[in-house]
Amino acid sequence: MREKSHLKKSLKKYKWLLLMTLPGIVYLFINNYIPMYGVILAFKNYNYVDGIWGSAWAGLDNFKFLFNSQDAYIFTRNTFLYNVVFIVLNLVLSVLVALLINEIKDKVISRFYQSTFLLPHIISMVVVAYLVYSFLNVDSGLVNRLLIKWFGSEAVSWYAESKYWPYILVIVNAWKNVGYLSIIYFASIIGIDKEYYEAATIDGASKWKQMTRITIPLILPVITTMTLLAVSGILRSDFGLFYQVPMNTGALIPTTNTIDTFVYRAMIQSGDIGMSTAAGFYQSVVCFVLILVANTAVRKINKRDALF
Amino acid sequence: MKKAHQLVLLIMLCGMLALTGCGKGDSGKAADSGTTPGKNAATGEKGKDSDSSLSPYKITLVYPATAPKDLQLVQDEMSKYLTEKINATIELKPIEWASWDDKTNLMKISNEPFDLMFTASWFSYPKDAAKGQYLELDDLMAQYGKDIPGVLGDDFIKGSRIGGKLYALPTKKEFGQGFGFLLDKKLVDKYKFDTSGVKSLEDMEAMFKTIKENEPGITPIVSSKFTNIWEASNYDGIVANLAIPRDSKELKAVDTLEDPKFIEFYKLMHQWNQNGWFDKDVLTSDADQGMNMIKAGKAFAVAQSLKPGKDKEMSLSSGVDVIQVETAEPFTTTGDAQGAMLGISRTSKDPARAMMFLNMLYSDPKLLNMLDWGIEGKHYVKKSDNMIDFPEGVNADTQTYPNPGGWMFGNQFNSYLWANEDPNKWEEFQKFNDRAERSIALGFAFNQEPVKSEMASIANVEKEFGASLRSGAVDPEKILAKWIEKRKAAGFDKVKAEVDKQLAEWAQTK
């Protein structure tokens with residue numbers, strides 16, 4: 001009984017706020033929820049004539065291709081591990097960059113750094129791929145030239161050796177995304193009340209102490225939210241990064257194949273709608289489970305930081 | 001060849017990613033259609049007395065091309081002519097190559113009405129036919145397309161069928177592919193190579209050796225695509241490296257990965273790579289790069305699938321003189337018959353009229369040349385009966401109706417030739433087509449549906465090992481062993497059984 005009246009009370013109290021969220025909810029419903037019925041394509045043998053509802057049911061056949069080769073383990077492992085490394089490394093680097101930018105007192109220089117760090121984020125992966133290519137080309141690439149000139153070593157055929165690519169991809173990804181994330185952290189750092197720092201300075205806290213004891217604890221909620229969001233995409237991969245940057249080279253597949261590139265390569269020939277829907281559905285389910293787990297873990301530690 | 005086509009597709013997809021922002025611009029072309037109603041009204045009268053039994057109808061033709069500036073003008077002119085003939089008007093609907101997949105998939109799924117669409121075996125013809133996108137054409141052709149079988153001939157039509165049914169009509173063009181190389185003319189002249197006697201790959205080795213020894217900065221042969229071409233000239237490939245050898249007398253699929261001839265060839269390629277005859281970029285290079293390197297004076301040869309006059313065509317478009325040498329006689333497979341086709345969509349409101357239009361593309365040079373070259377006097381001038389050139393003051397860069405790709409439409413042999421082309425080009429084509437050796441599996445198209453999940457896994461396996469093998473960089477025996485093992489794990493045996501079954505069934509109907 002008490003809960004009901006409580007709900008009624010808060011409904012009444014927040015009615016204008018709730019009303020304001022209505023357009024957003026309607027949009028979300030039309031744009032994100034209604035198309036979800038398309039997920040039944042994952043269980044259908046789609047053809048144009050019969051349409052979505054009329055096509056014959058295929059049971060779980062559409063999912064088979066994901067698991068019927070040895071690749072399943074490799075691309076799932078790749079996708080998962082790359083994302084774990086990306087999440088951790090990007091977090092550390094971008095918080096670090098945000099803290100450093102925060103220490104720059106000159107507004108103009110600070111802006112300059114922000115823009116410079118953000119720039120890679122807005123460059124298309126196709127362009128990035130060619131930038132990387134200009135570094136790694138066997139003949140004329142910068143890296144090989146330096147290797148030969150400074151170290152006198154043999155030219156490395158980068159696009160034939162899969163063992164280097166985990167490092168290359170991690171570097172490229174960090175270069176591309178750290179700037180963007182650091183701006184978000186930087187924004188939340190500026191939001192911190194200056195009085196904390198003044199009090200800390202009076203108490204004789206060093207810069208390092210201020211960072212670890214004031215800044216980081218205060219932006220922890222943002223860090224948690226951003227990390228949770230990243231975890232929710234742990235089985236998705238940046239297609240451009242894993243397909244364009246290695247120039248779709250077959251020899252690199254053992255270390256660059258992720259679930260998205262696997263599905264793309266599998267589908268480019270057959271173009272089967274049911275099978276690609278199945279792959280997307282599989283990713284979504286795994287991500288959904290993962291975010292539930294991660295969120296529960298966060299809630300155990302600190303209830304207020306959890307997403308829901 | 002499938003690989004090569006896939007490559008083209010991939011490049012287009014990469015382009016698509018880069019160009020998505022620009023792709024939207026062409027929709028604005030429809031904006032200047034304000035002139036149409038007046039013109040149509042003027043032609044309306046003529047239309048009346050031409051064929052009173054037909055009600056007016058607008059035919060929509062969808063094909064991949066960049067919308068030219070004068071599209072509307074040409075469309076009006078064609079509509080005027082078509083109104084006289086079959087009381088129809090036409091809407092030309094070019095779609096950028098880069099956004100083709102996105103836009104047409106949407107059109108197909110959303111049941112958008114259109115009449116004719118470009119398709120090809122390397123461009124989703126089998127898949128769309130299996131999904132029911134195109135109408136069966138045999139009856140329509142018998143009724144409204146009487147001229148077509150005569151123009152195309154039996155082999156062409158036979159090769160276009162899928163499961164015995166005809167879903168699209170092929171362009172009459174080169175029927176088969178020649179295989180060989182394009183060589184830099186400067187170097188051929190310098191070392192006085194005799195290209196007329198070249199009949200095989202072994203004959204080429206002496207040239208490559210000479211180049212390697214005497215020209216340190218020049219790569220003898222560019223691009224691993226070359227080995228695809230060798231495969232295509234020796235095997236009629238089906239799927240997953242199952243193929244029918246060219247000289248085979250029986251309809252039996254062979255696994256090329258275990259075929260001695262195939263292994264021998266790749267041992268030779270490994271040797272060539274060790275000799276340093278390939279470019280170092282071989283893993284990431286393609287045939288375009290080959291032409292660019294020849295142009296830059298950094299390479300001697302690039303492998304190509306050939307047709308008569310290919311060297312002139314390439315010399316013209318790339319601006320460097322090349323000579324073609326054939327190392328194998330032309331070979332015709334189902335893929336060649338289905339190289340460029342037009343299908344009638346299931347969403348067509350009047351398939352009969354679409355077929356009448358198709359019939360005209362094969363039999364009416366005036367209509368075809370309007371579509372190919374535009375309006376006489378404005379976009380081209382006639383030099384003789386079938387030779388044309390730019391009007392004064394117009395050149396390749398300033399033309400307002402560049403050819404959308406004549407190879408996509410109807411009877412290409414009816415198309416005008418340019419002043420700089422060989423006046424006997426179409427006779428040469430005819431000879432080439434007659435000379436081309438037909439694969440015994442011509443007309444067999446494999447239906448992937450029953451094994452599609454195995455095929456999806458195998459596609460990834462193929463990607464992993466194919467390019468490395470073709471580059472010659474690794475010992476073929478090692479890589480083939482790994483390839484075979486992984487392919488088996490991906491369900492190869494099931495695919496092979498299905499191929500054997502379908503081949504046997506097809507042999508019954510032959």
Side-chain angles (χ1 to χ4, degrees), chain A residues 45-52 55 61-72 75 124-127 129 133 136-140 155 157-160 239-240 243-244 246-254 257 261-276 278-279, chain B residues 2 6-7 9-11 13-15 17-21 101 105 108-109 111 124 126-128 130-134 239 279-284 345-347 448-449 452-471 473-474 479 485-487 489-491 494:
Chain A
N45 229 334
Y46 181 73
N47 71 64
Y48 296 130
V49 180
D50 300 325
I52 293 180
S55 299
D61 280 359
N62 285 332
F63 291 86
K64 252 173 42 194
F65 84 104
L66 285 169
F67 308 106
N68 71 354
S69 71
Q70 302 161 323
D71 287 333
F75 67 68
S124 154
M125 266 300 177
V126 179
V127 180
Y133 185 65
L136 300 182
N137 185 304
V138 181
D139 255 349
S140 51
S157 182
W158 296 100
Y159 289 89
F239 181 75
Y243 188 82
Q244 308 286 2
M247 295 279 181
N248 183 23
T249 312
L252 304 180
I253 281 186
N257 213 11
T261 55
F262 175 83
V263 171
Y264 182 79
R265 289 191 184 108
M267 291 299 115
I268 191 153
Q269 222 172 8
S270 68
D272 194 277
I273 294 168
M275 281 153 80
S276 21
Chain B
K2 205 167 202 174
Q6 233 173 296
L7 199 73
L9 250 170
L10 285 182
I11 292 165
L13 274 159
C14 298
L17 286 170
L19 295 173
T20 29
D101 278 351
N105 274 336
K108 291 168 194 165
I109 292 171
N111 298 329
S124 72
K127 157 188 128 195
D128 281 347
K131 284 187 187 147
Q133 178 60 36
Y134 298 117
V239 281
D279 50 325
K280 287 186 190 147
D281 279 348
V282 66
L283 277 173
T284 43
S345 167
R346 71 190 162 84
T347 56
Q448 298 198 357
E449 275 300 303
K452 62 181 180 178
S453 66
E454 285 77 15
M455 286 306 302
S457 315
I458 289 174
N460 270 277
V461 177
E462 211 166 294
K463 180 70 207 164
E464 180 171 349
F465 299 106
S468 305
L469 176 74
R470 296 192 171 97
S471 70
V474 260
I479 199 164
E485 188 203 320
K486 243 189 139 175
R487 193 184 54 172
K494 199 176 160 196

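Side chains included, hydrogens not; waters and symmetry mates left out as well; all remaining heavy atoms used. So you know, we letter chains A, B, ... as the sequences are listed, proteins then strands, and number each from 1.
- To the nearest 0.5 Å, atoms OG (B:Ser457) and CZ (A:Phe67) are separated by 11.0 Å.
- The candidate with the highest count of non-hydrogen atom pairs below 4.5 Å against chain B, out of A:Asp61, A:Asn137, A:Asn62, is A:Asn137.
- With rounding to the nearest 0.5 angstrom, the NZ atom of B:Lys463 is 11.0 Å from the CG atom of A:Asn257.
- For the side-chain contact (heavy atoms from CB on, under 4.5 Å) test, residues two or more places apart in sequence or in another chain that qualify with B:Ser453 are A:Lys64, A:Phe65, A:Asn68, A:Met275.
- There is no contact between A:Phe63 and chain B, counting heavy-atom distances below 4.5 Å.
- Between B:Ile109 and A:Tyr46, the shortest heavy-atom contact is CG2-OH, 3.7 Å.
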